[in-house]
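Read the structure below first, then the notes.
Keep in mind that what you see is a predicted model, and the values were worked out from it rather than measured.
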Amino acid sequence: MPSIVRTRFAPSPTGYLHIGGVRTALFCWLFARRNGGQFLLRIDDTDQERNVESALAPILHGFRWLGMDWDEGPDVGGPHAPYYQSQRLPQYQAAAEKLLAAGVAYRDYATPDELQAERELAQQEKRPFLYSRRWMAETATDQKRFEADGRQGVVRLKMPREGKLVIHDLVRGDVEFDWAREQDHVVQRADGTCLYHLASVVDDHDFQISHVIRAEEHLSNTPRQIFIAQSLDYPLPEYAHLPFVAEPGSKNKLSKRKLDKYLKNRDFAQLNEHGWKIAQAIGFSTAAETFNPVIVDFYEQVGYLPDAIINYLLLLGWSYDDKREFFSREEMIANFSLERVTKAPASFDAKKLWMFQDHYMQALPMKQKVARMVPYLQKAGLLSSPPPCDVAEKLTRIITAAGDRIKVSGDILAYADFFFADKIVYDSQAVEKNIGNPGATALLAKFKDRLSTVEPFEVGPLEQALHQFMADEQIKVGDIIHALRVAITGKAVGPGLYDCLAILGRETSLARIQSTLDQYGQASGAA
RNA sequence: GGCCCCGUCGUCUAGCGGUCUAGGACACUGGCCUUUCACGCCGGUAACACGGGUUCGAGUCCCGUCGGGGUCACCA
């Protein structure tokens, strides 16, 4: 029997795509692609009410942005549609009936209070809780009797109370469980709706999933799922339980709830702050819960590259060897294997992600850089829409001058806004430090005259002119250059000074120096 | 607490009995380069959780201890 590899990722429609979920999905996707199989998306919305579509949209969008395509699932459909659990209730109910008929499940009429009482008693007596099955209806007569009492029945699994189960996990090896520790879990509610474990097993079978690859928190659920599958005569899929993505600097599972805690991690906080600055500059209004480095959308908005995120995530729990870290999509598909997945949780490291982003951004062809950065300038109101036709040429010069200072597309605003702005914004600290004394402004005024004669107004001649000026005035380069930078850019940091001057052009450069002198020269001179 | 999983530099990891006086990457750090910042280059600090076995030989195998985590729902 030639078996086709089919993996799935099963998000709940929560409204956002979690970075830990992406890592798990990535491994599923890679495994399928590596083995020439299929990767599907199934929507676990048994619990959801309305708005599934709107809560799902950001998740699908995130996967698309990252370049992770699915062969079957929402939007793309497929031979096993629907791929929404909320639309598959009949299948689950039929499975529940089969379990009942086979005697591996029973109708149970215990009230929640009665069950709770049994639990507490077990706890008092310090023994593991196991349901007494006191309200189990084994016959139609029992059923009628309980129902006559006004009780409501659910369907429970009748788990084995002896023996062992060995799971052959592709990541963890053999894992052993005692059947007697497993609870009689409810698989169907009194209202006929079904619970996750039943649904999941039925779907994995119906969708012909060959490898259930998921995060390790599901490992302890696996026995009951295997019990259901075996009882339904389903062939068992292979299982692989991946380590989860842990919080920065800890081994706890990364979750969106503990953002405050993560922000105490310096690297994480820096990444977050950097993103928020860009979001503010482009007028992207959002909330902390949905815009932070745990959520994929954060990276898209700020201008990260999907390849960088994916490459970083690939190394979170997987490695190729002791040297190689950079992988193209083709290379990761060609080399991925579950054998090389790590067993221990891997914590999220903002700095390492940053390194990958830097790498991929520097490797990006100039045309693509320009295309990616134009929207940021537009959103910040520095560039019209559509952009002027000569903007590509100017931007190319600017981006080249800014060089590797630009790590994400949104950084164009931090390093190049002054090229586009009519009036520059002065950084007060930079002004104070570099222009806040009469000597500096005097030199600035003198050099301004010198600048008006430089011909052509390009990097080489500009540099020559400045050196000549230094010789004439008997000053060092530091005596003039910092003031000059602040005068034309408003900032203390940025691309090379001659590049800035040349790109700005003579007219603008002179005007900016003049307005800086107007604004700060006299005040400090008088003081 | 029961069950299950995990435990190599701060972090991600290599290591599948001898080639490990433990390798790489990120971070940190000293220096060089430099008009700022960023980059680049050279160097440095830093780990096998602990204790018993097995073996000629253990980071690598076994047991125990300790530590961390996951899970114990009519959530997914």
Side-chain angles (χ1 to χ4, degrees), chain A residues 10-12 14 44-48 85 108 110 112 115 119 122-123 126-129 152 154-156 167 169 171-173 175-178 180-183 185-191 193-197 199-200 215-223 241 243-244 246 248-253 265-267 312 315-326 339-340 342-356 358 362 402-407 411 414-415 430 434 463 466 470 476-482 484-486 489 491-498 500:
Chain A
S12 285
T14 51
D44 282 13
D45 57 350
T46 54
D47 213 27
Q48 240 71 28
Q85 290 195 325
D108 182 63
L115 222 47
R119 270 203 191 89
Q123 201 165 22
K126 295 200 195 283
R127 59 176 165 83
F129 165 70
Q152 294 213 308
V154 299
V155 177
R156 279 185 190 280
I167 298 171
D169 190 278
V171 171
R172 273 147 225 287
V175 183
E176 200 175 278
F177 292 89
D178 276 332
R181 299 273 175 223
E182 298 298 316
Q183 303 296 327
H185 287 279
V186 173
V187 292
Q188 186 173 25
R189 299 185 183 94
D191 68 1
T193 60
C194 292
L195 276 336
Y196 167 74
H197 292 292
S200 185
E216 96 178 77
E217 67 248 38
H218 287 283
L219 184 55
S220 37
N221 301 150
T222 308
H241 288 92
F244 50 76
S250 120
K251 294 293 181 201
N252 293 16
K253 197 175 101 177
N265 175 283
R266 191 185 47 151
D267 299 339
Y312 170 68
L315 275 318
L316 217 48
W318 182 85
S319 67
Y320 178 72
D321 60 13
D322 62 336
K323 294 267 154 55
R324 190 158 161 208
E325 293 206 307
F326 293 108
E339 288 79 60
R340 294 200 62 84
T342 321
K343 292 189 177 77
S347 49
F348 180 84
D349 183 347
K351 276 279 173 46
K352 187 120 187 185
L353 202 192
W354 186 253
M355 182 281 288
F356 278 106
D358 189 9
Q362 303 331 321
D404 47 34
R405 292 171 186 82
I406 295 179
K407 311 292 189 193
D411 283 338
Y415 287 107
N434 300 304
E463 188 169 3
L466 190 110
M470 280 156 52
K476 288 194 204 128
V477 71
D479 296 332
I480 175 70
I481 206 155
H482 302 300
L484 191 52
R485 168 183 298 285
V486 176
T489 73
K491 303 170 204 267
V493 301
L497 182 63
Y498 308 117
C500 289

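Between A/K323 atom NZ and B/G15 atom C1' there is a gap of 12 Å when expressed in whole angstrom units. The CZ-C1' distance, from A/F177 to B/G70, rounds to 11 Å in whole Å. For A/E339 and B/G15, the CD to P distance is 12 Å, given to the nearest whole Å.
Across every strand in view, B/C28 sits in a pair with B/G44 that passes the Watson-Crick or G-U test at under 3.5 angstrom. Using Watson-Crick or G-U wobble geometry with both donor-acceptor distances under 3.5 Å, B/G59 finds no partner in any strand shown. If you check B/C37 for Watson-Crick or wobble pairing at under 3.5 angstrom, you find it has no partner at all. Figure legend. B/C9 is base-paired to no nucleotide; pairs are counted as Watson-Crick or G-U wobble with both atom distances under 3.5 Å. Nucleotide B/U71 is matched to B/G2 when pairs are restricted to Watson-Crick or G-U wobble geometry with both distances under 3.5 angstrom.
Distance check on atom P: B/U19 versus B/C26 gives 27 Å, rounded to whole Å. Nucleotides B/A27 and B/G44, compared at atom C1', are 14 Å apart to the nearest Å. As rounded to the nearest Å, B/C6 and B/U29 have P atoms that lie 36 Å from one another. Comparing B/C62 with B/G70, their C1' atoms sit 25 Å apart, to the nearest whole Å. To the nearest whole angstrom, the two C1' atoms, one in B/A14 and one in B/U34, are 36 Å apart. When the P atom is compared between B/G10 and B/G1, the two are found 28 Å apart, to the nearest whole Å. Straight-line distance between the P atoms of B/A49 and B/U55: roughly 23 Å, to the nearest whole Å. When the C1' atom is compared between B/U8 and B/U60, the two are found 11 Å apart, to the nearest whole Å.
When the salt bridge (charged side-chain N to carboxylate O under 4.0 Å, His left out) test is applied to A/E217, the partners found at least two apart in sequence or on another chain are A/K253. Shown here are the side-chain contact (heavy atoms from CB on, under 4.5 Å) partners of A/A122, two or more places apart in sequence or in another chain: A/R127, A/F129. For A/K343, there are no salt bridge (charged side-chain N to carboxylate O under 4.0 Å, His left out) partners two or more places apart in sequence or in a different chain. With sequence neighbours left out, the side chain to side chain donor-acceptor pair (under 3.5 Å) criterion links A/D178 to A/K164. Under the salt bridge (charged side-chain N to carboxylate O under 4.0 Å, His left out) criterion, A/R485 pairs with no residue, sequence neighbours left out. Here A/V477 pairs with A/L466, A/M470, A/I481 under the side-chain contact (heavy atoms from CB on, under 4.5 Å) rule; sequence neighbours left out. Under the side-chain contact (heavy atoms from CB on, under 4.5 Å) criterion, A/N221 pairs with A/H197, A/H218, A/R224, A/Q225, sequence neighbours left out. Scanning for side-chain contact (heavy atoms from CB on, under 4.5 Å) contacts around A/R340 gives A/W318, A/S319, A/S337, with sequence neighbours left out. Annotation: salt bridge (charged side-chain N to carboxylate O under 4.0 Å, His left out) contacts of A/D322 (sequence neighbours excluded): none.
In this structure a side-chain-to-backbone donor-acceptor pair under 3.5 Å is missing from A/D44 to A/P11. Side chain of A/D321 to main chain of A/R324: a donor-acceptor pair is present (N/O by atom type, distance under 3.5 Å, no hydrogens or angles).
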> How would nucleotides 33-49 of chain B be written as a contact map, 5' to 3', with B for base contact, S for sugar-phosphate-only contact and - for no contact, using protein heavy atoms under 4.0 Å?
Replying inline: --BBBBS----------
> Once each nucleotide of nucleotides 71-76 of chain B is scored for protein heavy atoms under 4.0 Å, what B/S/- sequence comes out, 5' to 3'?
Replying inline: S-SBSB
>> Treating primed atoms plus P, OP1 and OP2 as sugar-phosphate and everything else as base, which nucleotides of nucleotides 5-13 of chain B get B, S or - for protein heavy atoms under 4.0 Å?
In response: SSS---BBS
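Shown here for A/T46 and A/A199, the closest heavy-atom pair between the two residues is CG2-CB, 4.4 Å.
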